[in-house]
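Everything on this sheet refers to the single structure shown next.
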Amino acid sequence: MIVDVLEPIALVGGANVSRELLLDTVARAPVLVAADSGADQALAAGITPRAVIGDLDSLSAAGRAALPEAVIHHIAEQDSTDFDKALRNIAAPVVLGVGFLGDRLDHQLAVLHVLVKYPERAVVLLDETTAVFVCPPQISLPCVAGQVVSLFPLGPVTGTSRGLRWPIDGITLDPMQRVGTSNEATGPVTLQVDAPRLIVMVPRVLLGAVTEALLSVPQAGRWPARA
């Protein structure tokens with residue numbers, strides 16, 4: 001393990017992220033790790049990452065020169081993304097990821113693949129407006145009426161809900177058949193699902209509640225690591 005801490009980790013990638021979002025994330029997760037060229041964004045904000053992890057094919061020469069050699073961890077294999085390389089080499093109670101949504105759609109799809117690859121991890125991806133995470137077996141969030149709660153399955157998944165305008169009870173969500181995007185809260189929301197395949201997207205203002213809810217799930221109630 002390259003970074004193993006008891007504090008939340010902010011993981012920054014190479015997709016465009018505002019200075020305000022990056023600094024807000026670091027305020028919540030004080031240990032910053034960069035995936036490849038995410039280091040350039042961290043340095044531009046005046047932060048030296050605890051570690052830089054990836055194949056280093058997009059880290060700028062200036063960024064590499066500005067970094068202590070000890071923080072650079074080159075992983076040469078090309079069978080996984082830099083997000084995957086970073087996530088599997090860090091351990092923390094929760095990881096808040098910025099710089100992974102936006103810019104390129106193919107990169108975003110690969111990032112969502114990694115989220116469901118490691119369902120046992122508490123990972124929340126952020127952009128300016130949205131918090132994205134894999135639904136644990138059960139989660140309750142203090143949504144208010146009118147907030148968007150989008151559900152997107154990356155495989156067949158069933159479950160129950162409370163507080164959604166369009167409940168998911170009795171429905172199989174499946175990327176080939178039926179998805180749950182643009183759903184809407186009518187008040188506090190509770191979701192219970194039977195498989196680690198459901199991506200949940202809620203307003204970023206709920207980040208604190210999402211983080212608290214993910215951290216409060218007892219180990220016995222979390223998804224197991226995939227074999």
Side-chain angles (χ1 to χ4, degrees), residues 1 3 8-15 17 21 25 28-29 33-36 38 53-54 75 79-139 141 148-159 168 173-176 179-181 183 189 191-204 206-207 209-217 219 221-227:
M1 198 66 65
V3 180
I9 282 179
L11 180 60
V12 57
V17 55
L21 177 56
T25 303
R28 298 171 182 269
V33 174
D36 206 332
I53 302 170
I75 300 176
D79 295 326
S80 64
T81 64
D82 287 321
F83 179 51
D84 191 324
K85 292 177 175 70
L87 195 58
R88 70 177 186 252
N89 283 290
I90 59 178
V94 66
V95 176
L96 303 184
V98 294
F100 296 101
L101 303 174
D103 289 359
R104 287 178 52 173
L105 179 58
D106 57 342
H107 286 179
Q108 293 180 71
L109 291 173
V111 163
L112 296 181
H113 159 77
V114 173
L115 282 188
V116 297
K117 183 179 178 181
Y118 301 106
E120 76 281 7
R121 303 291 302 273
V123 181
V124 186
L125 300 179
L126 306 166
D127 64 15
E128 299 296 330
T129 62
T130 308
V132 180
F133 59 96
V134 174
C135 190
Q138 181 171 320
I139 191 169
L141 297 173
V148 173
V149 180
S150 276
L151 308 175
F152 194 91
L154 291 184
V157 57
T158 61
I168 65 171
L173 297 174
D174 187 319
M176 297 295 102
V179 300
T181 55
N183 210 323
V189 169
L191 300 171
Q192 188 168 8
V193 295
D194 67 351
R197 302 175 184 141
L198 188 65
I199 299 295
V200 181
M201 293 158 275
V202 297
R204 185 164 70 92
L206 290 170
L207 173 58
V210 169
T211 302
E212 182 178 349
L214 292 178
L215 289 175
S216 69
V217 177
Q219 194 64 40
R222 298 184 181 184
W223 298 121
R226 295 189 186 279

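One-based numbering along the sequence shown.
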(Q) Side chains of Leu151 and Leu191, heavy atoms from C-beta outward: is any pair under 4.5 Å? (A)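 Yes - at least one pair of side-chain heavy atoms lies under 4.5 Å apart.
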Q) Looking at side-chain heavy atoms only, is the closest gap between Pro119 and Val116 below 4.5 Å? A)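 In short, these two side chains do not touch, never coming nearer than 4.5 Å.
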With sequence neighbours excluded, what pairs up with [X] under the side chain to side chain contact (heavy atoms under 4.5 Å, CB included) test?
X: Val148; answer: Ser150
X: Ala86; answer: Leu11, Ala35, Ile53
X: Ala91; answer: Met1, Asp4
X: Val111; answer: Phe83, Phe100, Leu125

Q: With sequence neighbours excluded, give me every ring pair (Phe, Tyr, Trp, His ring centres under 6.0 Å) pair touching residues 103-133.
A: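 Listed by first then second residue: nothing to list.
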**Q.** Residues forming a side chain to side chain donor-acceptor pair (under 3.5 Å) with Gln138, sequence neighbours excluded
**A.**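 If we apply the side chain to side chain donor-acceptor pair (under 3.5 Å) test to Gln138, skipping adjacent residues, there are no hits.
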(Q) Could you work out, with side chain to side chain donor-acceptor pair (under 3.5 Å) as the rule, every residue matching Asp82, not counting sequence neighbours? (A)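 Listed in chain order: nothing, the list is empty.
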Q. Which atoms form the tightest heavy-atom contact between Asp103 and Ala15, and what is the distance?
A.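 That would be OD2-CA, 3.0 Å.
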Q) What is the minimum heavy-atom distance between Arg226 and Glu120, and which atoms define it? A)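 It is N-OE1, 4.3 Å.
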Nearest-0.5 Å distance that lies between atom [atom1] in [X] and atom [atom2] in [Y]:
X: Leu173; Y: Leu154; atom1: CG; atom2: CG; answer: 11.5 Å
X: Cys135; Y: Phe152; atom1: SG; atom2: CZ; answer: 15.0 Å
X: Glu128; Y: Arg204; atom1: CD; atom2: CZ; answer: 6.0 Å

Q. With Val124, which of Val202, Val134, Leu96, Leu115 fulfils side chain to side chain contact (heavy atoms under 4.5 Å, CB included)?
A.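 Among Val202, Val134, Leu96, Leu115, the one that satisfies the side chain to side chain contact (heavy atoms under 4.5 Å, CB included) with Val124 is Leu96.
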Q: Have a look at Thr25 and tell me which of Val17, Leu207, Leu126 forms a side chain to side chain contact (heavy atoms under 4.5 Å, CB included) with it.
A: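 Single pass found, and it is Leu126.
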Side-chain donor-acceptor distances from residues 194-201 under 3.5 Å, at least two apart:
unit_1: Asp194; atom_1: OD1; unit_2: Thr158; atom_2: N; d: 3.0
unit_1: Asp194; atom_1: OD2; unit_2: Thr158; atom_2: OG1; d: 2.7
unit_1: Arg197; atom_1: NH1; unit_2: Pro156; atom_2: O; d: 2.6

Q: Determine, step by step, whether Val95 and Ile90 satisfy the side-chain contact (heavy atoms from CB on, under 4.5 Å) criterion, reporting the C-alpha distance in whole Å, the side-chain angles of both residues, the deciding distance to 0.1 Å, and the verdict.
A: CA-CA 9 Å; Val95 176; Ile90 59 178; 4.1 Å; yes
Residues two or more places apart in sequence or in another chain: which of them pass salt bridge (Lys or Arg N to Asp or Glu O under 4.0 Å) with [X]?
X: Arg104; result: Asp106
X: Arg121; result: none
X: Asp127; result: none

Q) Does Asn89 use its side chain to pair, donor to acceptor, with the backbone of Lys85 at less than 3.5 Å? A)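 The answer is yes, because a donor-acceptor pair under 3.5 Å joins these two groups.
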(Q) Under the criterion side-chain contact (heavy atoms from CB on, under 4.5 Å), I'd like the reasoning laid out for Val132 against Leu112: C-alpha separation, chi angles, the key distance, then a yes or no. (A) CA-CA 9 Å; Val132 180; Leu112 296 181; 4.2 Å; yes
